[in-house]
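To start, the structure itself, in structure tokens.
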Amino acid sequence: MERNYPIKRIIDDTGFFVDTTFENQIDEKLVKDLYYNMIRIRTFDRKAINLQRQGRLGTYAPFEGQEASQVGSALVLKSGDWLFPTYRDHGATLTFGADMTRAYLYWNGRTEGCVPPKGKNIFPPAVPIATQLPHATGAAWAEKRRGTQNVAIAYFGDGATSEGDFHEGLNFASVFKVPVIFFNQNNGYAISVPIEKQMNSATIAQKSVAYDMPGIRIDGNDCFAVYFETKKAFDFARSGNGPTLIEAVTWRKGAHTTADDPSKYRPEKQGNDSVDPLLRLELFMKNYGYWDEEWIQRIKEETIIEIDTAVEEMERFPAPIVDDIFDNVFAVMPAQLAEQKESYLAHLGRQ
Amino acid sequence: MERNYPIKRIIDDTGFFVDTTFENQIDEKLVKDLYYNMIRIRTFDRKAINLQRQGRLGTYAPFEGQEASQVGSALVLKSGDWLFPTYRDHGATLTFGADMTRAYLYWNGRTEGCVPPKGKNIFPPAVPIATQLPHATGAAWAEKRRGTQNVAIAYFGDGATSEGDFHEGLNFASVFKVPVIFFNQNNGYAISVPIEKQMNSATIAQKSVAYDMPGIRIDGNDCFAVYFETKKAFDFARSGNGPTLIEAVTWRKGAHTTADDPSKYRPEKQGNDSVDPLLRLELFMKNYGYWDEEWIQRIKEETIIEIDTAVEEMERFPAPIVDDIFDNVFAVMPAQLAEQKESYLAHLGRQ
Amino acid sequence: MTTQLKGPNHKIVATKQMTMIQAINDGMKLMLEEDDRIIILGEDIGKNGGVFRATEGLQEVFGEDRVVDTPLSEAGIIGTSIGLAVNGFRPVAEIQFLGFIYPAYEQIMTHVSRIRMRSRSHFTVPMVIRAPYGAGIRAPEIHSDSTEALFTHMPGIKVVCASNPYDAKGLLIAAMEDPDPVLVLETMKNYRSKREEVPVGKYTVEIGKGKIVKEGTDVTIIAWGAMVTVVEKAVEQAESKGISCEIIDLRTLYPIDRDIIAKSVQKTTRAVIVHEAHHTGGLGNDIISIINDTAFLYLRAPVERVTGFDVPVPFYALENHYLPTPARIVEGIEKVVHF
Amino acid sequence: MTTQLKGPNHKIVATKQMTMIQAINDGMKLMLEEDDRIIILGEDIGKNGGVFRATEGLQEVFGEDRVVDTPLSEAGIIGTSIGLAVNGFRPVAEIQFLGFIYPAYEQIMTHVSRIRMRSRSHFTVPMVIRAPYGAGIRAPEIHSDSTEALFTHMPGIKVVCASNPYDAKGLLIAAMEDPDPVLVLETMKNYRSKREEVPVGKYTVEIGKGKIVKEGTDVTIIAWGAMVTVVEKAVEQAESKGISCEIIDLRTLYPIDRDIIAKSVQKTTRAVIVHEAHHTGGLGNDIISIINDTAFLYLRAPVERVTGFDVPVPFYALENHYLPTPARIVEGIEKVVHF
Ligand SMILES: Cc1ncc(C[n+]2csc(CCOP(=O)(O)OP(=O)(O)O)c2C)c(N)n1
Ligand SMILES: Cc1ncc(C[n+]2csc(CCOP(=O)(O)OP(=O)(O)O)c2C)c(N)n1
Ligand SMILES: [Mg+2]
Ligand SMILES: [Mg+2]
């Protein structure tokens, strides 16, 4: 089956073209967009780990190594589109326009972290694995019913393919031919479980056959392959042709979360050979004359300032108020809940 | 995809060989076994419908049209094998050795209908759709762990492929490479929902690709195709090669259950062209000199007697006793339940 | 046949004889006409009109886009309904029998009930889940569960359950207009058991309010769904023995109408709760707690519960032994009265 | 370090300091050694030793055939465990967090709990489901559910929940030897919170029996799991105010030890129930019903409940406001005592 689903690549590990189909669509704007966003989210991600170590953030799920997959795909989205992320997809949501302060807040156990900026259709991160796939199908179905050209994208991991919801989400999408992209980041592991123990299939892309849905397998560390193949799938969906399953083969460089110790289960050298997606883009930029040292310095500095500001805002964010746990359960609070709230607030007052 | 999964046939609609691969394995014993069991279960099935109409049986799910699928597959089982049926698979269970009286009892709302004869590994019919697939995987896993050559077979319908449990059952089976056969009877409908609305895939067999598991598509009304292809899959499993998905394309001639009215949703003439599996075998027997009028008369008469006896036994079966609802919940009845039982029995005594 | 009847404010409303299933069908039809956001989906609900005919004729009128036959996949039905709901639609999902809702339990438990909270009301899921429930119609196994308590221990979702055609239509319409998800339990046993005059137009029955079906002074009997009918029979017998019974039809199971229970039990000083769900973990316990909290000093006898036993709902040959009967209820009533 | 301690019959048993997680690990290890039918399976339990290290080192000793890393699929884990169990094995399935058990709800509800009944005990599923549960460890959302009541309303399955290392090991071994399915809830908050002497060999704690943790005369406080520790703190404060408290650690949530509750409340005449699950639908209601049934004439005040609120378990920034605190419990105690 691997033969039926060869990994699509546009540039190789040394940053040279291996496929020039899209060469004329690669311009400075695109290259810089990709680079800028990848640098930005990597800096965000490393900062998060640091904050967690310092006790300024809770358990965090890092995505280093997956930047090309997340940025390359999220740059394709247009304003009316929908994004259904997991806990590891802040790279994608930030690229699409999520608020950075709120992304940090999420990892401090704050519901504010789930509220997207106005007009941005970004769903709260899915924590129960694979549950977001049917949601994306439903949201896409709604767009189809309204006759728009908007598309929904659901992010999910290799482990998520084992859940029933993966299957049911894809089946509904194919039956109702709705504009949804199932974007799988195959990062080799589901916590400690390697993909060979997760599934018997050689690829995830081939699971599309079960739904007679297009399935493609791409090098998830090649930002151009990710961008152009995702764009093709979006265009296909916008034109009313229905869903696509994309398998982006990538690598989780770090731990599953800051609470995890990969040395327990992952051979030390495994993954060392997978070239860093950012480095690969840098090589490409140098190879093809896109390297602009001054611009790079500038965006790096800007990014650091942006992130420091976001962290500051996160830490200065108004403390959570107790009312919150009662106020968003129903549109109108039932009498018994109102009583619980009242009596608890009174109790706090007495203390 | 239909091209990748052509329907395998051994005899055509007129009862002539179209594939002679297995010709030399077809002998009088096999032909008679197939015919006898198909006649037997058809008679059982029609009797059940009649009993239901007369109010002597509860709602019943008939399988007429699916006899070749059920008998052809069930004849492959050996004594240590496991059979996980649905509510529509009494043809298979009876062929494997289930007790007929108890099959009728099941449809009279009696748990006695779920108890197989000693030594026969027949699980109670699965009512919640697709839940039996992981069970079969687990039972097969146990056989593998014990190092036996026993195989489990799970029966399920086209509609069942939409449930998460279908996916999870097949995934586990492929990952742990256990000796289980997933035997799908694609009878065209899940109650009123035709297969085109159930799935976008042209075949069910192709869903095996998702698990890198062998998948085959057979004419489910050709008892030889069913028998030999199922046998191949069993042999494959017994030799330690793991699971197979079989799609047997067949046709539900009657209603979903006696409570259903297919004229509401099924075009009147649909399915008329699918030759009756029993008739097809009869044609074959006449074409190739297996027709033995005297034997046929005898088994028909014997079958009628057997069934009448079973019905009589079912109707003379000791009335259900109230204790039953309390007695099989736990191995040792918890005190509170014992009290509930005692007080209810006392209540009945007072009446 | 349409008749005329005085409405709540003495205005004349047209009514029609309807069974519960017809009233439910009528409610969906009205709302499909009125609100383009409504989309009905489930297994066999389109061409077939539902296995109980609740959606009969709706696909013909409103088309396959609004009355949708789905694949056989409850998590898929609820999961995609969530997506539809957060994106502007108002899905009304049918689960064919409550006993088959469990594959969707994760979607209901971790998303349907929590999205409003998780997103600070940015995303909401105004959706309805309809599910026939209950034993006593000689259905095959698993078809007869009465597991409402699994959904009342799940803050963020409301649960209603009508015992008659009028309430069924009014509660269903209220559910379809509610800004939050509502599970609508439909008692199969009462689907066609009686006809009554039901207003032909739109009206709602307020979610969260029970109803005094019959006033009385000696004992309060609390029930819902199919059990209301059984209680009525029991009460006839009890009253013939000189016991005056007050019957409460709870109608909403979450949030429970605590006031109606409190007031009634404070008056009668005795209570019997009747439900067909299992004893342990059943809603009866919640109601005892409400009585404990609101009527402790009034109570003259321990509250009595007449419920299904702590056993899986039996196969139908014995299901009537599982279900509360008028005789068991009368014993319960006598027990509290003669304590 | 191994010390010696007097056992129940004054025989000397070797003990060792263990945390709850070590005691659980030890229990599984002993049983894997003793009983070839035991097979442990779940997500990340093999090489990784479980996200909480409950199965640490077991795969190394017993091999990949007996300590199995499964795909990420709870219905698959429980569904195949059923097949293993009916075919002679004794699966011990880990669900990584109770909040992720819901995808397996159908398998548990319609099969694990019913197969014995459906087959008249021909098929049985002697299996254990282990699940860490509860809030208060600053875990991400959904990881903190305490939904034991969803499993006590499901006849055919037992539910246990230890508050300390000794009970954790003893109950787990009892569960692994039980002929019926047992859900073993493990309170994450107590996994490593204290060490105590635990016998090194095999022993069981009887399923269905609670324990008087502390005797007292004015009020009975009933709790389990993590809440026992919180209750102990509250009781210190209450006793300093002169209120004598009796504490019951329920230990088994199904079937509940009714006698221990009845006897204690008949003695103290007052009760407070503490649990972290939601108020509505929580086990507290069942316990109030038990008190209603067994101690009505003794009771001097309405039973008080101190529980999690009727809201989804909050994100962790506010989770401590959701959980019962010593202060809230003390108020509850004072309320019943000064009624
Ligand atoms: C239903 C469910 N089961 C278990 C978990 C615990 N869990 C969290 S992340 C994870 C692994 C996910 O792996 P994958 O889908 O590959 O995504 P990745 O973390 O690698 O991005 C598990 C088992 C969960 N969140 N939800
Ligand atoms: C989980 C679940 N959902 C719904 C049902 C109701 N139901 C019973 S049979 C059936 C259709 C099954 O179709 P298929 O799998 O094709 O099998 P067939 O009946 O055609 O043999 C449905 C929807 C059920 N039994 N279980
Ligand atoms: Mg992964
Ligand atoms: Mg079918």
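Chain letters run A, B, ... following the sequence lines, proteins first, then strands; residues in each count from 1. Keep in mind it's a predicted model, so treat the numbers as computed, not measured.
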Selection residues 147-165 of chain A - residue pairs positive for salt bridge (Lys or Arg N to Asp or Glu O under 4.0 Å), sequence neighbours left out: none
For A:D212 and B:S201, work out which heavy atoms get closest and say how close. OD2-CA, 3.4 Å
Surrounding NZ of B:K264 (heavy atoms of other residues, nucleotides or ligands, distance under 6.0 Å), is the total greater than 12? yes
Distance col, row B:S174:OG vs A:M199:CE, nearest 0.5 angstrom, shows 9.5 Å
Under 4.5 Å from any heavy atom of chain B, what part of A:T161 do you find: side chain, backbone, both or neither? backbone
In terms of heavy-atom proximity below 4.5 Å to chain B, should A:F172 be classed as side chain, backbone, both, or neither? neither
Given B:K207, B:K177, B:M213, the one with more heavy-atom pairs under 4.5 angstrom with chain A than any other is B:K207
Check whether the side chains of B:Q198 and A:N171 place a donor and an acceptor atom closer than 3.5 Å, and report yes or no. no
Which answer fits B:F176, side chain, backbone, both or neither, if we ask what part of it has an atom under 4.5 Å from a heavy atom of chain A? neither
Backbone N/O of B:A210 and side chain of A:Q206: donor-acceptor pair under 3.5 Å: no
When the ring planes of B:H167 and A:H167 are compared, do they come out parallel, tilted or perpendicular, using 30° and 60° as the limits? parallel
Please identify each residue that fulfils salt bridge (charged side-chain N to carboxylate O under 4.0 Å, His left out) with A:R238, with sequence neighbours left out. A:D81
